[in-house]
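Note sheet for the following structure.
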Amino acid sequence: MPGHTFQSPTGTRDFYPADAALRRFISESWRSAAIRHGFEEVDGPTFEHLELYTVKSGEGIVSELFSFTRAGGEKTYALRPEFTPTLARLYAAKANSLPKPTKWFCTPTFFRAERPQRGRLREFMQWNVDVIGDPSPAADAEVIATCVTLFTSLGFTPKDLRVKINHRAALAKWFDSRGIPEERHAKLLALLDQKGKLSPRDFTVKLAEFGFTPEQAEVFQKGVIRVELGSGEGELTVLGTTVAREDIGVPTAAGESLDLTFFSEAVRPLALELSQAGVLDWVDFDLSIVRGLAYYTGMVFEVHEASGAERAVAGGGRYDNLIELFGGPPTSAVGMGMGDVVLALVMKDKGLLPDEARLMELAGQRPDVFVISNGSPEADAQVRSTVAMLRKAGLHARHTYKATKNVGKLLQDAAGQKARFAVIIEGPGQCQIKDMAGGGQRPAAISEIVAAVRR
RNA sequence: GUGGCCAUAGCUCAGCUGGUAGAGCACGAGGUUGUGAUCCUCGGGGUCGCGGGUUCAAAUCCCGUUGGUCACCCCA
């Protein structure tokens with residue numbers, strides 16, 4: 001087929017230099033935040049046995065996976081769609097010799113056979129942060145605080161992003177206290193999860209089947225709960241209403257028409273931990289955050305853009321039964337995942353994407369020196385050897401590939417490649433060193449360049 | 001898996017009711033002013049995503065397909 005052109009497969013991306021620099025910037029930001037919080041980097045294979053995924057999620061998951069067999073082979077594999085099963089496998093294999101808690105993170109690539117749409121692709125990077133073996137709310141708060149550290153490092157504020165927290169176990173107790181039978185809990189959770197997609201009318205009608213009044217339905221509908229630190233002895237008050245926060249676009253709840261005693265009992269210790277971690281101002285308690293996963297056992301959370309734009313930036317929660325499910329000892333765990341796709345979208349929305357020079361800088365790819373000749377044959381003869389000398393000294397040095405001897409065009413070339421300094425060779429051992437950012441320029445010996453440019 | 005919209009140069013797009021393809025920017029070469037600018041000249045590039053159909057004639061109309069995009073399902 002002459003003239004046939006190849007396109008990248010559906011839902012995958014090509015990373016040209018600027019894209020690769022952004023990707024590296026994001027993954028480095030992830031690493032840095034996790035390491036600051038004491039997490040250690042791990043990783044596993046890009047593909048696993050298919051059964052690793054069907055054990056947890058059932059056969060239904062297979063249609064969402066890229067699975068394959070080796071030609072002539074019998075085993076079925078799948079490209080990894082998430083990290084938790086691999087994490088559980090790694091932990092289970094060495095559980096006895098690992099510290100408690102074990103704090104691991106990774107920033108790998110995942111694959112899901114879904115139809116791509118805004119914020120969702122078939123190949124993406126995801127930051128995973130997990131605390132294994134610590135059942136306390138302090139571990140829950142640690143995961144969220146790590147998230148917040150990242151947001152802060154990227155330039156976000158609590159007005160840009162909200163961490164929305166709920167508690168599965170607390171909800172269950174609370175439902176019990178209202179006389180809702182346990183077998184109906186899942187259905188009610190599913191209904192809460194559907195909140196945004198149902199009309200307020202339909203939502204109210206369906207909630208009524210569980211014994212909630214229209215007023216109470218409205219609390220769910222708008223349902224952000226404000227947790228406040230009481231004055232003095234670190235007391236916490238969980239209110240059934242929010243304080244108006246129009247400035248960050250969080251809706252105000254309808255009134256104190258729900259008894260949230262049970263909920264507040266479970267949430268109080270977590271709120272205290274979040275307060276001590278210094279991140280409570282990023283947090284809203286939101287009754288409608290459910291998460292799809294059946295395996296969450298306690299705290300669950302999602303991070304959303306404050307006005308509700310885009311998909312969830314991050315999500316996670318406590319899964320105290322999962323390690324055991326994968327063959328490990330009974331072990332509590334809490335973790336979260338954050339994808340690069342939505343994160344980059346929200347950064348762009350907020351004007352927080354660094355420019356190209358900054359990205360190259362952050363990725364360690366920005367040229368230190370761009371060596372050009374003033375056009376004389378003697379200077380021409382020294383360009384290569386000067387570049388080689390600078391590289392030997394550990395600097396990132398470049399020269400032009402253009403034919404022109406026009407100094408202005410060569411400086412343009414240097415600027416286009418975002419070089420920090422330009423060096424114009426003037427004669428034997430002599431040059432001008434030009435600071436491309438400030439524009440200042442001074443004569444110097446070629447032997448002085450390294451010291452002048454190194455930082 | 002279902003549906004809406006979209007597809008012309010590297011990028012942003014123009015191309016009317018069908019008459020055999022353009023601009024700006026970018027890129028490349030050269031020139032000028034010794035300094036990232038301005039200006040001038042020249043150039044590479046597109047079988048109009050792909051395949052079929054209607055027609056004397058298709059970028060344009062029709063069907064299919066691939067890809068993109070947005071939503072549904074799902075969302076680990």
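Each chain gets a letter, A, B and so on, in the order its sequence line appears, and its residues count up from 1.
Residues A:Gly439 and A:Thr12 each lie close to RNA chain B; by heavy-atom proximity, the contact nearer the 5' end of the strand is made by A:Gly439. Between A:Leu65 and A:Leu411, it is A:Leu411 whose nearest contact on RNA chain B lies nearer the 5' terminus.
Side-chain N/O atoms of A:Asn406 and base N/O atoms of B:rU35 include no donor-acceptor pair closer than 3.5 Å. In this model, a side-chain donor or acceptor of A:Arg120 finds a partner on the base of B:rC74 within 3.5 Å. A:Lys409 contributes a side-chain N or O that forms a donor-acceptor pair with the base of B:rG31 under 3.5 Å.
B:rA26 atom C1' lies 14 Å from atom CG of A:Asp413, rounded to whole Å. We find that CZ of A:Arg112 is positioned 18 Å from C1' of B:rG1, with the value rounded to whole Å. Nucleotide B:rC75 holds its C1' atom 8 Å from the CZ atom of A:Arg311, rounded to whole Å. Following rounding to the nearest Å, A:Arg115 (CZ) and B:rG68 (P) show an atom-to-atom distance of 10 Å. Rounded to an integer number of Å, the gap from OH of A:Tyr401 to P of B:rA29 is 14 Å. To the nearest angstrom, P of B:rG31 lies 12 Å from CG of A:Leu410. Rounded to a whole Å, the CZ atom of A:Phe124 is 18 Å from the P atom of B:rC74. Here the P atom of nucleotide B:rC75 and the NE2 atom of A:His304 are 15 Å apart, to the nearest Å.
Distances were taken from every side-chain heavy atom of A:Met436 (C-beta onward) to each of B:rG30, B:rG36, B:rC73; the shortest belongs to B:rG36. Distances were taken from every side-chain heavy atom of A:Glu64 (C-beta onward) to each of B:rG34, B:rC72, B:rC74; the shortest belongs to B:rC74. Of the candidate nucleotides B:rC75, B:rG31, B:rG34, B:rG34 has the atom lying nearest to any side-chain atom of A:Asn374. Nearest to the side chain of A:Thr404, among B:rG1, B:rC75, B:rG30, sits B:rG30.
Spacing of P atoms, B:rC5 relative to B:rC62, comes out at 12 Å, to the nearest Å. When the C1' atom is compared between B:rA14 and B:rG22, the two are found 7 Å apart, to the nearest whole Å. Taking the C1' atoms as reference points, B:rG53 lies 15 Å from B:rU60, given to the whole Å. Comparing the same atom, P, in B:rG43 and in B:rC61 gives a spacing of 34 Å after rounding to whole Å. Across the C1' atoms, B:rG49 and B:rU8 are found 10 Å apart, a figure rounded to whole Å. Spacing of C1' atoms, B:rA29 relative to B:rG45, comes out at 15 Å, to the nearest Å. To the nearest whole angstrom, the two P atoms, one in B:rC40 and one in B:rA21, are 29 Å apart. Nucleotides B:rC25 and B:rC16 are separated by 24 Å at their P atoms, to the nearest Å.
Residue-level contact check: A:Asp435 touches the bases, meaning some heavy atom is under 4.0 Å from a base atom. Within 4.0 Å of A:Ile424, counting heavy atoms only, lies at least one base atom of the nucleic acid. Among the protein residues, A:Gly337 comes within range of no part of the nucleic acid, since none of its heavy atoms lies under 4.0 Å from any strand. Within the 4.0 angstrom heavy-atom criterion, base atoms lie near A:Glu426. A:Gly440 comes within 4.0 angstrom of nothing in the nucleic acid, heavy atoms only. Within 4.0 Å (heavy atoms only), A:Thr84 reaches no atom of the nucleic acid at all.
Across A:Asp413 and A:Tyr401, no two heavy atoms sit closer than the pair OD2-N, 4.3 Å. Looking at every heavy atom in both residues, A:Ala33 comes nearest to A:Thr149 through CB-CG2, 4.0 Å. When all heavy atoms are compared, the tightest approach of A:Ser332 to A:Arg318 is CB-NH1, 3.6 Å. Annotation for A:Pro443 and A:Gln432: closest pair N-OE1, 3.5 Å, computed over non-hydrogen atoms. Across all non-hydrogen atoms, the minimal contact from A:Thr69 to A:Lys75 is CG2-O, 3.3 Å.
Taking the ring centre of A:Phe111 as origin, the terminal cationic atom of A:Arg122 falls outside the region bounded by 6.0 Å and 45° from the ring axis. Annotation: cation-pi pair A:Arg168/A:Tyr296 absent, no NZ/CZ under 6.0 Å from the ring centroid and within 45° of its normal. With a 6.0 Å cutoff to the six-membered ring centre and a 45° limit on the axis angle, A:Arg31 does not count as a cation-pi contact of A:Phe105.
Applying the Watson-Crick and G-U wobble criteria (two distances, each under 3.5 Å), B:rC16 pairs with nothing in any strand. Using the Watson-Crick or G-U wobble rule with both distances under 3.5 Å, B:rC11 pairs with B:rG24. A 3.5 Å limit on both hydrogen-bonding distances identifies B:rA29 as the Watson-Crick or G-U partner of B:rU41. If you check B:rA57 for Watson-Crick or wobble pairing at under 3.5 angstrom, you find it has no partner at all. With both pairing distances under 3.5 Å, B:rG36 is matched to nothing as a Watson-Crick or G-U wobble pair. If you check B:rU47 for Watson-Crick or wobble pairing at under 3.5 angstrom, you find it has no partner at all. The pairing partner recorded for B:rU2 is B:rA71, the criterion being a Watson-Crick or G-U wobble arrangement whose two distances lie under 3.5 angstrom.
Checked against the 6.0 Å centroid criterion, the rings of A:Phe47 and A:Tyr77 qualify as a close aromatic pair.
Look at A:Gln117 and you'll find a side-chain N or O under 4.0 angstrom from OP1 or OP2 of B:rA71. Contact annotation: A:Gln412 side-chain N/O to B:rA37 OP1/OP2 distance is under 4.0 Å. Checking the phosphate oxygens (OP1, OP2) of B:rG68, a side-chain nitrogen or oxygen of A:Thr10 falls inside 4.0 Å. Contact between the side-chain N/O atoms of A:Lys402 and the OP1/OP2 oxygens of B:rG28 is found at a separation under 4.0 Å. Look at A:Arg118 and you'll find a side-chain N or O under 4.0 angstrom from OP1 or OP2 of B:rC70.
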